[in-house]
Amino acid sequence: MITRMSSLFLRTLREDPADAEVPSHKLLVRAGYVRRVAPGGYSWLPLGMRVLRNIEAIVREEMDAMGAQEIQFPALLPREPYEATNRWTEYGPNLFRLKDRKGGDYLLGPTHEELFTLTVKGEYTSYKDYPVTLYQIQTKYRDEARPRAGILRGREFLMKDSYSFDLDDEGLEASYQAHRAAYIRIFDRLGLQYVVVKATSGAMGGSASEEFLAEAPTGEDTFVRSTGSDYAANVEAVVTPAPPAIPLAGLPEAQVHHTPDTPTIETLVDFLNAAGLGRTFTAADTLKNVLVKTRMPGATEWELLAIGLPGDREVDVKRLEAALSPAEFAMLEESDFARHPFLVKGYIGPKALLDNGVRYLVDPRVVEGTAWVTGADKVDHHVIDLVAGRDFTPDGTIEAAEVRAGDPAPDGSGILEAARGIEIGHIFQLGRKYADAFSLDALGKDGKPVRVTMGSYGIGVSRLVAVIAEQSHDERGIIWPRNVSPYDVHLAVAGKDETQKAAAEKLAAELSAAGLDVLFDDRAASPGVKFADAELIGVPTIVVVGRGLANGVIEVKDRRTGERQDVPVDEVVPTLLGLVRG
RNA sequence: CGGGCUGUGGCGCAGCUUGGUAGCGCAUUCGCUUUGGGAGCGAAGGGUCGCAGGUUCAAAUCCUGUCAGCCCGACCA
C-alpha cells in the first residue's frame, strides 16, 4: 500500500500548539495525528487513525487469543441499569447524563459493568455455560473535571473493557491471571516500559487489583518501587514494614515535662534539645496525634478517630482514605474540639484518647517497646519515654503516614524510590457486587442457583497512542515502535531530478508489492522540509532517494539511532523487508 | 471547586498603558530563482479583535457584565 504525501490529508505545524504542555500532546498535534475540537475531545486524522487501529488490533488479537469474545454495547445507555447499582447517583458529576425528547434519562457510558452483567444474565442460565469472558473496544465518556494533556486524559476516549464471569473464586482467580498474562503480552508488543503495581481495591469492593503503569515523568500517578527487586506499588497500597518489638524490661520510665510554647513538632524538638536532657531528639522520636472524624456510608453520626504517627511524617490523605474506605473522613473543626475538652490542641496524647474511648490507630512503626515523645494532654506539657505496649496500647495500626523515597521496601529487598506513571491498564477482581445487584445466578449441578463472580479489566486504547509517543520521542519528533507505526517505511525523494523521482516511484511500487505500507513523500518541497516532516511523523525507517542514486545507492535511515546506510538499489527491497519483518 | 493566566486570519503572537485606516511570523495561492536539513525575491487571498451592553464624534484599546479556553491544585475504576 502506498500513501502519497502529495494527497495525504495532513498539515504539519512548525510551532507547538499553545495549549500543549506534555511532549506527546505537542508532537501528536504538530505531526498531524490529532486535532482538538473541544476540551478533552480530539479528532483523529488519517495518520492518527492508523496508529490507533494498529494498537487496537494488537489488543484485539491478544484478547481473542485468551478466549475472550468481542461484543459491543451502545455508548448511549438508559438510566435503569445504573439505577439498580446506584451508580446513576454514586458516579457523581463525572457521569455524562442527558435526556431524550420525552424527558427520559440517559447516560453516556463511563464503563459498562451493568450492561455486561445484564447481557450474560439474559443469555446464560446453567453452570455449563460458564466461565465466559466478554469484551468490547468502545468509546467511553467521563465528564472529567479537568481534561488535560491532550489525549492522555480526555472526556471521550477509546477503552477496551472486559469482564469475566466465573462460578467460584478459583475460576475468578484463573480469569484474572489470564488477563494479567494477556496484558503483559499486549504491553510488551507495544514496546512500552511499564510496571505492574498493587492497587487498592477501593470502593468497588473487590479483593485483588493491579494497575499497569507506563513510566513517564509526565505521568499523573506516583508509585514507588524497590531498588532491590521488581516490587512496585501505588503509594496507597504500600504496607509499612514494622520493626521488631523491643523488650520492655529496663526501658526508662515515662516523664512529663513542662515544654512551654511547643505546639508544633519543630518547636518541641528545638525545646527538648535545648533543655539539656543528655540526649538528642529528632522529629522521628515524637508521636504526633492527628484527629479526624469518620463516617460509614449511610451513617449520620461522625465518629472520632485518632491517628498516631511519627512526628517527621505527614498524613497522606490518599493513603488514609484508602485505609478507611469505604468510610469517609473529615478533619476536625473548631466546634469538634470545643465539644471534646479533653482534646488539647497541640498537646494531644494517647492517654486522654484511650481514657475517653476515642479509637486510636497508630502507624505500624509504633511497635511494642518503642519510646515516644508525645502530648501530655495539658497545654505546654509533653511526656517523654512513653512506651508503646507499656504506657499505652493502641487499638490497632493504620497505613496513613506518607511514604517517602528511602523508606525500606515492604518485601525487604531494598529501599523505595518514587517514580511517575500513566495508568494504561487495570485488572480487578470485582467479586459479586454486580451479580448481586442483578441477581446473576447460574443453575448448579445440584439444581441450586450459584451466584456468579466477576472480574473487570480495562485498557486505555486511545491513551496508549499518547503514552507510546510520551515514551518514544526525541526533540525532532515521534519515534514509533514498528508494531504501531502508521507505515512500515517513509520514502522521500530528496531532489527534483527526474531520474530520482522515477527511481522512487519504482521503489515505492516494489515495496508495496512486497507487502509493505509505504508513506511516499512525492511532494515538490525542499529536502529540508521533507526530512523534518519525516522525523516529526516518526516512521521508524526513512528511505531517501537522492544524490546517492548516481552511484547506484539509496539511503536507509534509522529514525531512532539516526544511523544511515547506503544500500545498492537492487538490494533495497530485501533490506527493508528484513528490517521491517525483523 | 480554589488560585493564576489568556481570548486578535488556519496555527503561533504583537498592538491595549496613552481611543483615530488591524499588524508580524508560519501556513495557503501565483510568478521567477533555488533544491541534501524547515530556501530567496516579488505579488495575492484570508480577521464583525470571544459575546453583550455602556462611555465617546470615534473602541481591539476605556467601563460594566457575561461566556469560553488553558495552566497549577482539589477531584478521578
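Just so we're on the same page: letters track the sequence lines, and every chain starts at 1.
The nearest whole Å value for the distance from the CZ atom in Arg14(A) to the P atom in rA27(B) is 5 Å. Distance CG (Leu536(A)) to C1' (rC26(B)): 14 Å, rounded to an integer number of Å. Going from atom CD of Gln500(A) over to atom C1' of rU35(B) covers 10 Å, rounded to whole Å. Between the NZ atom of Lys530(A) and the C1' atom of rG38(B) there is a distance of 13 Å, rounded to whole Å. In this entry the distance linking CD of Glu220(A) with C1' of rA74(B) reads 13 Å, nearest Å. Atom pair Asp143(A):CG and rC1(B):C1' shows a separation of 14 Å (rounding to whole Å applied). Between Asn94(A) atom CG and rC1(B) atom C1' there is a gap of 13 Å when expressed in whole angstrom units.
Look at the P atom in both rU34(B) and rC70(B): the space between them is 47 Å, to the nearest Å. Annotation: rC32(B) and rG46(B) have their C1' atoms spaced 24 Å apart (nearest Å). To the nearest whole angstrom, the two C1' atoms, one in rG47(B) and one in rC1(B), are 36 Å apart. Rounded to whole Å, the separation between the C1' atoms of rA59(B) and rC49(B) comes to 11 Å. One P atom belongs to rA58(B), the other to rG3(B), and the distance between them is 38 Å to the nearest Å. Here, rU18(B) and rA22(B) have their P atoms 22 Å apart, quoted to the whole Å. Taking atom P on both rA68(B) and rA27(B), the two are 35 Å apart, rounded to the nearest angstrom. Distance noted for atom P between rA43(B) and rC57(B): 41 Å (whole Å).
The backbone N or O of Glu314(A) lies less than 3.5 Å from a partner atom in the side chain of Glu402(A), making a donor-acceptor pair. Listed for the Gln136(A) side chain is a donor-acceptor partner under 3.5 Å among the backbone atoms of Phe73(A).
When the nucleotides rG73(B), rU35(B), rC13(B) are ranked by their closest atom to the side chain of Arg148(A), rG73(B) comes out on top. Considering only side-chain atoms of Asp19(A), the nucleotide from rU34(B), rC70(B), rG36(B) that sits closest is rC70(B).
Here the side chains of Met63(A) and Ile137(A) are not in contact, with every heavy-atom distance at 4.5 Å or above.
With hydrogens and angles ignored, no donor-acceptor pair under 3.5 angstrom links the side chain of Lys26(A) to the base of rG12(B). A donor-acceptor contact under 3.5 Å is formed by the side chain of Asp533(A) with the base of rG38(B). No hydrogens or angles were tested; on distance alone, a donor-acceptor pair under 3.5 Å links the side chain of Glu535(A) to the base of rG37(B).
Ring-centre distance between Tyr82(A) and Tyr91(A): not below the 6.0 Å cut-off.
Comparing Tyr91(A) and Gly528(A) by the nucleotide of RNA chain B whose heavy atom lies nearest to each, the residue mapping closer to the 5' end is Gly528(A).
Paired with Phe212(A) under the rule ring-ring contact (aromatic ring centres under 6.0 Å, His included), one option of Phe187(A), Phe223(A), Tyr457(A) passes, and it is Phe187(A).
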Stepwise side chain to side chain contact (heavy atoms under 4.5 Å, CB included) check, Leu28(A) with Ile478(A) = CA-CA 8 Å; Leu28(A) 287 169; Ile478(A) 304 170; 3.8 Å; yes

